[in-house]
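Notes for the one structure printed next.
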Amino acid sequence: DSGSVVPYPSLVAQSESTQRNTSKSGSASTAAMGTSSSSSSSASALIISACDKAGMEGIDRTRVDEIIMRESAGSVYMKQQQKRDQNVNVKIDELKQKLAAKDYSMASINSNATSWRRAGEHALEPIIDELVQSRPRRSTCVVVDMDGFYISCELLSRPPELGNLPCCVGGNMITTSNYVARRYGVRAAMPGWIGDKLVEELSNGKERLIHIPSNFDLYTRKAHIIRGALAEYDPNLRAYSLDEAYLDIGPYVDLRVGRGWSHERVVATLASTSKHSCEDKEHVDEEVGNEEEFIHCNVDISAIAAVVKEMREKVKVATGGLTCSAGLASNFMLAKIASDQNKPNGQKVVGPSHKEVLEFVHPLSVRKVPGIGRVMEKMLNAFDIHIVHDLYKERALVQFLFKPASARFLLRASLGWSNDSLDPSAPEDDEVGSSSSASGQKGISKERTFSAGKSWEELNSKLEDVCRSLSQSMVEKNIKAHTITLKVKLHTFDVITRAKTMPRGIVLQNADQMIVEMTEMLLNVKRQHKGTFSVRLLGVRCSNFQGDEERSQDSGQMDISKFISTCSPIRASHNSLVHSTGTTKMTSRIEKKVDFAQKGAQTDAQVKNTDISSFFSKEKGWNKVEEFETAQVLDSGTNSTHALHSVDPGNVSSVPASR
DNA sequence: TACATACAC
DNA sequence: TATGGTGTATGTA
């Protein structure tokens, strides 16, 4: 922990400056201290969506922001956002204090306040080496992202002239806008009336935003068609959402380009091997034998790109004209980022070499990294970290400032290979007796927003509706849960949650049962909030599913298993690929698929080669690094690095093939 | 386990 | 007038 934080004069002053901003945020005065005006002026950046969405380059952001701010001014929602913003400011100040304390203490030891960073960088070297070395060597990861999916689906069946007008899906809340609307700043998650204002004012009254009601059946149908087309290239693709899919086309490319097979022949081969692979590993292993010689032909990257292009064309044809964009890279984080670069209807390739990867990611805003949102962006900015290169440059600082998981994630991001932060909720066909807990889903929930100020009876009625709806879904999916959570959003947008785990032997699925629990809980919440209990949303969530118990109880391997579980199966498969090519043992693509199919991925002991979590685990982690720094600074000893090195392998090699 | 946050689509 | 729903992960107590 940060230990005792010494309140230095300058820091106190800075804290106060933040407090002062509470009164009026938005365009409040810039932070008082010269250190690095962290908080205030970027307040709006957190409140307004600062991220440049595809199709919004070069628009008049100041006018857009101005209109949004004007329209939102004084709303309860905006007050809530400002509160959140202030909380982030406080966090930033705390981090700055922590840093100042560190610099101070290290300076007292060494007189050079920044030498600890160099020591930290040194300690990170082996970890970085390991990561860079185990990086996948081919760019066969593809992220396919439909262009303005919902709105494009809608426009498909309407007069083409509509496409030239600003359109969106959604009424009160916009879910997607077309590229014409985006040029007016109209985007997903924006309230409808603000979209209206933007179009009206920025077109000088010449245009109006057209709203089209959403039709999820349509999008779902189209999504299935899309997946069908894509699955020819990777039968094990991951559909992350209706409009996004993650593929590894390595196997396809090897056969199609490497061996010169016809598309049809490749598709047939891939399909036959993949389906069995889910259940019948041994069978697949046998087939692997046949494929032994074929591993990884050196396929030119432009040939891979051509395959992607062809694939996108097939999607377009299959859907009757929907376009998509794609990113092609050596891992899914890069592919995801790349998929956005040439939107709409474009693709981007990132080569696999370390150099190419860094040239691609380092100039990007940190916000482009999937997993870095508005809050993290703001915190990083406060420390003058704006682009990914800064993230790398300041890696020691980052390791010091953030908690292990975040630090680890950020380090990897700075090298262009972060966790993919995708947890595929495996939407596709649920196979035989999948009790759906087998799908890896962790929770299920329903929530409903309504106008605040309902009577107590009305509230309870709403709550019952939500319970029944949730119960129905759980019955359909054959889910039984142990824990139930009530979510209440007050008219102030403050959110309260209350959870209860049922006594042993009692499971939740039945609606009446849930209603009993939830109404009691709601009553308690109401009592705790005497007087002011105006509610705008009620939600119920069930988690802790029955049948998930026996799955994860390998106590000894907490660190590893945790890493693996946060590591998307997709990437797990890549790790194994890399590992196998890195050593002499050749693992075939088929086996890779097996990994891929094992959504739990618990067994993949090979992941160890890229696991850095153990370097940062409780005893051996950053604390160790800190020890090292201290030693380094004190007597410039060097053997601690050694210790850091040797910590891992023994611990890791005993990862059981659990299951 | 309980609660709050951040993040993604 | 007025800002969604579903799901996961992480941190802290």
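As judged by a 4.0 angstrom heavy-atom cut-off over every strand, Asp243(A) is placed among residues touching the sugar-phosphate backbone only. At a threshold of 4.0 angstrom between heavy atoms, the contacts of Leu242(A) with the nucleic acid are absent. As judged by a 4.0 angstrom heavy-atom cut-off over every strand, Asn544(A) is placed among residues touching the sugar-phosphate backbone only. Counting non-hydrogen atoms under 4.0 angstrom, Ser75(A) reaches a base of the nucleic acid. At the heavy-atom level, Lys91(A) lies under 4.0 Å from the strands shown only through sugar-phosphate atoms.
OP1 and OP2 of dC3(B) both lie 4.0 Å or more from every side-chain N or O belonging to Thr497(A). For Arg367(A), a side-chain nitrogen or oxygen approaches OP1 or OP2 of dA8(B) to under 4.0 Å. Within the structure, every side-chain polar atom (N or O) of Lys336(A) is placed at least 4.0 Å from both OP1 and OP2 of dA8(B). Here Lys442(A) reaches the OP1 or OP2 of dA9(C): one of its side-chain N or O atoms lies under 4.0 Å away. The phosphate of dG5(C) (OP1 or OP2) has no side-chain N or O of Arg541(A) nearer than 4.0 angstrom. Contact annotation: Arg536(A) does not reach the phosphate of dA2(C) (side-chain N/O to OP1 or OP2, under 4.0 Å). For Gln81(A) and dT3(C), the shortest distance from a side-chain N or O to OP1 or OP2 is not below 4.0 Å. Residue Arg84(A) places at least one side-chain N or O under 4.0 Å from the OP1 or OP2 atom of dA6(B). The phosphate of dT1(B) (OP1 or OP2) has no side-chain N or O of Lys500(A) nearer than 4.0 angstrom.
Looking at Ile337(A) and Pro370(A), their side chains come closer than 4.5 Å, going by heavy atoms from C-beta outward. In this structure the side chain of Val366(A) never reaches within 4.5 angstrom of the side chain of Met376(A), judged on heavy atoms. Side-chain contact between Phe400(A) and Lys98(A) is present, with at least one heavy-atom pair separated by less than 4.5 Å.
With dT8(C), dT3(C), dA8(B) as the candidates, the nucleotide lying closest to the side chain of Gln441(A) is dT8(C). Residue Ala405(A) places its side chain closer to dT10(C) than to any other of dG5(C), dT10(C), dA2(B). Considering only side-chain atoms of Pro404(A), the nucleotide from dG11(C), dG7(C), dT3(C) that sits closest is dG11(C). Comparing dA6(B), dG11(C), dG7(C) against the side chain of Val88(A) picks out dA6(B) as the nearest. Looking at the side chain of Tyr240(A), the nearest of the listed nucleotides dC9(B), dG7(C), dG5(C) is dC9(B). With dT3(C), dA6(B), dC9(B) as the choices, the nucleotide that has an atom nearest any side-chain atom of Phe493(A) turns out to be dT3(C).
In secondary-structure terms, DNA chain C builds stems of at least 3 consecutive Watson-Crick or G-U pairs, each pair having both distances under 3.5 Å, at B:1-9 with C:5-13.
Taking atom NZ of Lys98(A) as the reference point, atom P of dG11(C) lies 12 Å away to the nearest angstrom. Atom-to-atom, NZ of Lys462(A) to P of dG4(C) comes out at 15 Å; the value is rounded to the nearest Å. Atom-to-atom, NZ of Lys487(A) to C1' of dA2(B) comes out at 16 Å; the value is rounded to the nearest Å. In this structure, His482(A) places its NE2 atom 14 Å from C1' of dT1(B), rounding to the nearest Å. Between the NZ atom of Lys489(A) and the C1' atom of dA4(B) there is a distance of 14 Å, given to the nearest Å. Put simply, CG on Asp548(A) is 10 Å from P on dT8(C), counting in whole angstrom units. dT10(C) atom C1' lies 14 Å from atom CZ of Phe402(A), rounded to whole Å. The separation between Asp494(A) atom CG and dC3(B) atom P is 16 Å, rounded to whole Å.
In terms of the side chain to side chain donor-acceptor pair (under 3.5 Å) criterion, residue partners of Ser241(A) (sequence neighbours excluded) are, by chain and number, Asp243(A). Annotation: side chain to side chain donor-acceptor pair (under 3.5 Å) contacts of Thr497(A) (sequence neighbours excluded): none. For Arg208(A), there are no side chain to side chain donor-acceptor pair (under 3.5 Å) partners, not counting sequence neighbours. Remark: Lys348(A) pairs with no residue by the salt bridge (Lys or Arg N to Asp or Glu O under 4.0 Å) rule, at least two apart or across chains.
Each of Val369(A) and Thr485(A) was assigned the nucleotide of DNA chain B with the nearest heavy atom; the assignment lying further toward the 5' end belongs to Thr485(A). Mapped onto DNA chain B by nearest heavy atom, Asp145(A) and Thr483(A) fall at different nucleotides, with Thr483(A) at the one closer to the 5' end. Nucleotides of DNA chain C nearest to Ala189(A) and Ser406(A) differ in position, and the one nearer the 5' end is that of Ala189(A).
The aromatic ring of Trp193(A) sits over the base of dA2(C), with ring centres less than 5.5 Å apart and planes inclined by under 30°.
Taking only distance into account, the side chain of Ser72(A) meets the base of dT3(C) through a donor-acceptor pair shorter than 3.5 Å.
Sequence neighbours left out, the pairs with a member in residues 479-491 of chain A that pass salt bridge (Lys or Arg N to Asp or Glu O under 4.0 Å) are Glu447(A)-Lys487(A).
dC7(B) and dG4(C) are spaced 15 Å apart, taking the C1' atom of each and rounding to whole Å.
Note on ring orientation: taking the six-membered ring where Trp is involved, the planes of Tyr219(A) and Phe216(A) are perpendicular (angle over 60°, cut-offs 30° and 60°).
Under 4.0 Å is where a charged nitrogen must lie from a carboxylate oxygen, and between Glu464(A) and Arg468(A) at least one such pair does.
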